[in-house]
Amino acid sequence: MSLLNIGMSGLAASQSSLAVTGNNIANVDTAGYSRQQTVQGTKASQQYGNVFIGSGTTLADVRRVYNSYLDSQLQTATSLNSESAAYLNQATPLDASLSDTNTGLTGVLQKFFTSMQGVSTSATDDTSRQSVLTGAQALTSRFNTIAKQLNDQNATINGSLADMAAQVNKLATSIANLNQKIGEISTSGGQPNDLLDTRNEAVRQLSQMVGAQVVERGSSYDIYVGSGQPLVMGNTTNTLETVASKDDPTRMGLQMNRGSSTIDITSVISGGEIGGLLTYRKEVLDPSLNELGRVALVVADQINSQQAQGIDKNGEFGAPLFSNINSAALISQRSIGGANNSAGSGNLDVTIKDTGKLTTNDYQVTFTSATNYSVKRSDGTDMGAFSTTTTPAPVIDGFSLSLNGAALSAGDSFKVTPTRGAATSIQTVLSDPKKIAAAAPLSGVTSANNGGTYTQPTLTTKLDIYNPVSQSELQAALKNSTPVKLTFAAASGGSQTYQLTDAQGNSLGSGTIVPGQSNTVNMKIGMVDGSGNPIMDGGTPPAQKTFTVQTTVGGTPKANESFTVSLTGAGSSDNRNAQALVGLQTKQTVDTGSASKGISLTDAYSKLVTNVGTKAAQGKSDSAATTAILAQAKGARDSLSGVDLDEETGNLVKYQQYYTASSQIIKAAQETFSVLINSL
């Protein structure tokens, strides 16, 4: 037994403990560092007679204070918090922009209809008409601005996904390298604490980027993402790459490169900043762009259609105020061919048939043969099977599809986005205020000393502004088939007959009314061209096309009393069409195919604002909750593995005293040895 050796072992042990304590203090702010503790053991005791006397201490281990469950909880909380934060960071500015009166659509939409109200009040006032054009330009500009903001967000997300994928790949490579180093060291015994901490911190940083599942296999970590796609396996890695989505090149997706094969994992990725951005794009960005586009389409369609029903200050039918929603360019841009479509296949043209029936969904069209296809809505609804040979083309949720170009093959597919680009493309195309059609197309005048009362005639046959031939025919017929005259016979036996005649006195029909009551009279008028020839429908046998004009007759017309209906002339003060244009603000023109039977333009935009606001509020709530969960998980981990300076300071004093006491043992041994030597 050597008292000197016992003192030396204590000195070495205390020195090691001081070093470990000092290392803990030095790394108090090192991310991912787990505090370390020395573990001492006694050396073998020596037997002296019937007793065993110890021979000192030994350093058994430097232990890393670590709990895998707490660390796993921290990684999961980090992933959830990063996901909700990324989502909220995108949703908050969009919510603020859409709901703000200075940047949203509500204010300019109201101002536009207010200016139209001015024309309704004074149909001949050029100043009021110019205000309508100014309001229209402000409205389309605001549509364009909001759409640009949404598209810029998409571009930002595309760029962010690329940057984050690169960071994921770097972290994956780092984890794989650490797996290899840790494995090599572990085979020789002992635990490389600093390397283990570094690897855990790399996994935590990876969890900030993307949700990851960690499986411990021996001394290695295997990392999986998505629905179980391997990112790290031991010391090998697969890589993430952003690529243009196969069904929508404007949206970047994520694919995993696995040597000679690739797999698209966009739809299964969740967690982390990447998951937050993908969720925001799917749940908020794309639906908002589609909803905004739907409102733009209804605005352009309804106002242009109503314009065409009226007469402008020059005496001509109203010209379009906004750009044509079914221009050749727009029709061709509403579908995106699949990346794997057969070579030379044609495009799928998308024509808007009924803006009221449009939804905010996208559609996946898959061909089962050269002509047959099925349609599935993005909300999962199966819309059925159709054929390109059907004439006219079937209308699906307000739009129709037609093949443009070479034949398609079974397996070819298209993504159809009927409304997405509308807010970007809408423009004000009318520049002459005199061309605002404030007047109704037909006006009625009664003969002198009349006994009956008449409402101004209403054209109940609608002009189809997307069929130029039909529109031209009806507008020509309104000019050439009028004036027409209702002439009443004397009342007799509780009824009164009337004759409808054209300008030449030819009979166009007859009917009866009940004098003294309100009677709806529908005048069916044959359509003729500029030469007076009937316009035929091309049927078998062919029949003359007609249009219908409605008026309400009250009172008791006198014998031979007449009511003449003519085309409204130039400079008319009539404001009926302007009133109809104003009425579009509250008319149920959006989502008319739903159970609610439609909502107004203002309500449709309010619905968009509400939806985004709800998503932003939910994102804020989720962020607050996950922040609390993260703080709790971090606190639980730090309470065990974190460095407590007060505790380490106490340990430092303890080990200093331990070191001093051990040195006193050595000193005592030296003095005892000197006494023995000197006594000889």
Side-chain angles (χ1 to χ4, degrees), residues 94-150 288-289 291-310 312-313 318-323 325 355 419 422-439 575-590 598-613:
L94 178 60
D95 178 37
S97 177
L98 293 179
S99 59
D100 190 279
T101 55
N102 295 318
T103 57
L105 192 67
T106 302
V108 292
L109 191 61
Q110 290 176 341
K111 288 180 180 178
F112 169 75
F113 282 107
T114 298
S115 65
M116 188 62 74
Q117 182 69 51
V119 175
S120 173
T121 302
S122 180
T124 58
D125 182 29
D126 286 342
T127 301
S128 298
R129 289 170 171 268
Q130 183 59 52
S131 295
V132 171
L133 297 186
T134 302
Q137 290 164 355
L139 180 60
T140 54
S141 176
R142 186 61 54 83
F143 269 119
N144 300 158
T145 300
I146 298 174
K148 182 179 184 301
Q149 179 186 354
L150 293 171
S288 296
L289 200 51
E291 182 68 87
L292 185 70
R294 180 169 71 165
V295 174
L297 286 171
V298 175
V299 166
D301 170 54
Q302 290 291 323
I303 291 177
N304 283 353
S305 295
Q306 194 62 51
Q307 266 280 107
Q309 305 286 337
D312 65 21
K313 198 171 182 179
L321 180 57
F322 300 112
S323 49
I325 65 171
T355 56
T419 65
T424 300
S425 62
I426 187 172
Q427 298 292 329
T428 301
V429 296
L430 190 64
S431 58
D432 185 354
K434 289 184 174 63
K435 292 186 177 181
I436 294 173
N575 66 348
R576 284 176 290 152
N577 202 57
Q579 289 178 333
L581 285 164
V582 172
L584 293 176
Q585 182 177 13
T586 55
K587 187 178 179 181
Q588 293 176 315
T589 54
V590 183
I599 55 178
S600 68
L601 290 167
T602 304
D603 289 342
Y605 182 73
S606 296
K607 179 182 175 183
L608 167 61
V609 174
T610 300
N611 287 342
V612 173

Might you point out which heavy atoms bring Leu581 and Ile303 nearest each other, and give the distance in Å? CD2-O, 3.9 Å
Less than 4.5 Å apart, any side-chain heavy atom of Val299 and any of Phe112? no
Just wondering, do Thr589 and Leu601 contact through their side chains at under 4.5 Å, heavy atoms? yes
Suppose we screen for side chain to side chain contact (heavy atoms under 4.5 Å, CB included). Which residues come up paired with Lys607, at least two apart in sequence or across chains? Glu291, Arg294, Asp591, Ile599, Asn611
Is there a side-chain contact between Val132 and Ser128, using heavy atoms and a 4.5 Å cut-off? no
By side-chain hydrogen bond (donor to acceptor under 3.5 Å, both in side chains), which residues pair with Lys313, not counting sequence neighbours? Asp126
If we ignore hydrogens and angles and just use 3.5 Å, is the side chain of Arg142 paired with the main-chain N or O of Gly104 as donor and acceptor? yes
Can you list the residues that meet the side chain to side chain contact (heavy atoms under 4.5 Å, CB included) rule with Thr602, with sequence neighbours excluded? Leu109, Gln585, Ser600, Ser606
OG1/Thr121 to CD/Gln579 distance, rounded to the nearest 0.5 angstrom? 8.5 Å
All side-chain hydrogen bond (donor to acceptor under 3.5 Å, both in side chains) counterparts of Gln149, not counting sequence neighbours: Ser97
What's the spacing between Asp603 CG and Gln588 CD if we round to 0.5 Å? 8.5 Å
Which pair of heavy atoms, one from Gln306 and one from Ala580, lies closest together, and at what distance? NE2-CB, 3.5 Å
For residues Ser288 and Leu94, report the shortest heavy-atom separation together with the two atoms involved. OG-CD2, 4.2 Å
Please step through side chain to side chain contact (heavy atoms under 4.5 Å, CB included) for the pair Leu292 and Leu608, ending with a clear verdict. CA-CA 8 Å; Leu292 185 70; Leu608 167 61; 4.3 Å; yes
In terms of heavy-atom contacts, Leu321 and Asn304 come closest through N-OD1, 2.9 Å
What's the shortest heavy-atom distance between Leu105 and Ile146, and which atoms? N-CD1, 4.1 Å
Which residues pass the side chain to side chain contact (heavy atoms under 4.5 Å, CB included) test with Ala422, not counting sequence neighbours? Ala296, Leu297
Whether the side chain of Asn577 engages the backbone of Ala438 through a donor-acceptor N/O pair (distance < 3.5 Å, no angle test) should be reported. no
Trace of the side chain to side chain contact (heavy atoms under 4.5 Å, CB included) decision for Phe143 with Val108: CA-CA 10 Å; Phe143 269 119; Val108 292; over 6 Å; no
Of all pairs that satisfy side-chain hydrogen bond (donor to acceptor under 3.5 Å, both in side chains), the ones with a partner from residues 131-141, not counting sequence neighbours: Thr140-Thr428
In short, Pro320 meets Val429 closest at the heavy-atom pair O-CG2, 3.6 Å
Just how far is it from atom CD of Gln302 to atom CZ of Phe322, taken to the nearest 0.5 Å? 12.0 Å
Residues two or more places apart in sequence or in another chain: which of them pass side-chain hydrogen bond (donor to acceptor under 3.5 Å, both in side chains) with Arg576? Asp574
With side chains defined as the heavy atoms from C-beta onward, is the minimum distance between Leu133 and Ile436 less than 4.5 Å? yes
Only counting residues at least two apart or in another chain, list the ones meeting side chain to side chain contact (heavy atoms under 4.5 Å, CB included) with Gln427. Asn144, Ser323
Measure the CD-CG distance between Gln117 and Asn575 for me, rounded to the nearest 0.5 Å. 9.0 Å
Any residue meeting salt bridge (charged side-chain N to carboxylate O under 4.0 Å, His left out) with Lys148, in chain and number order, not counting sequence neighbours: Asp152
Applying side-chain hydrogen bond (donor to acceptor under 3.5 Å, both in side chains), name anything that partners Thr355, two or more places apart in sequence or on another chain. Asp301
Under a 3.5 Å distance rule, please check whether Arg129 uses its side chain to pair with a backbone N or O of Val119 as donor and acceptor. no
If we only count heavy atoms from C-beta on, is the Phe113 to Leu584 side-chain gap below 4.5 Å? yes
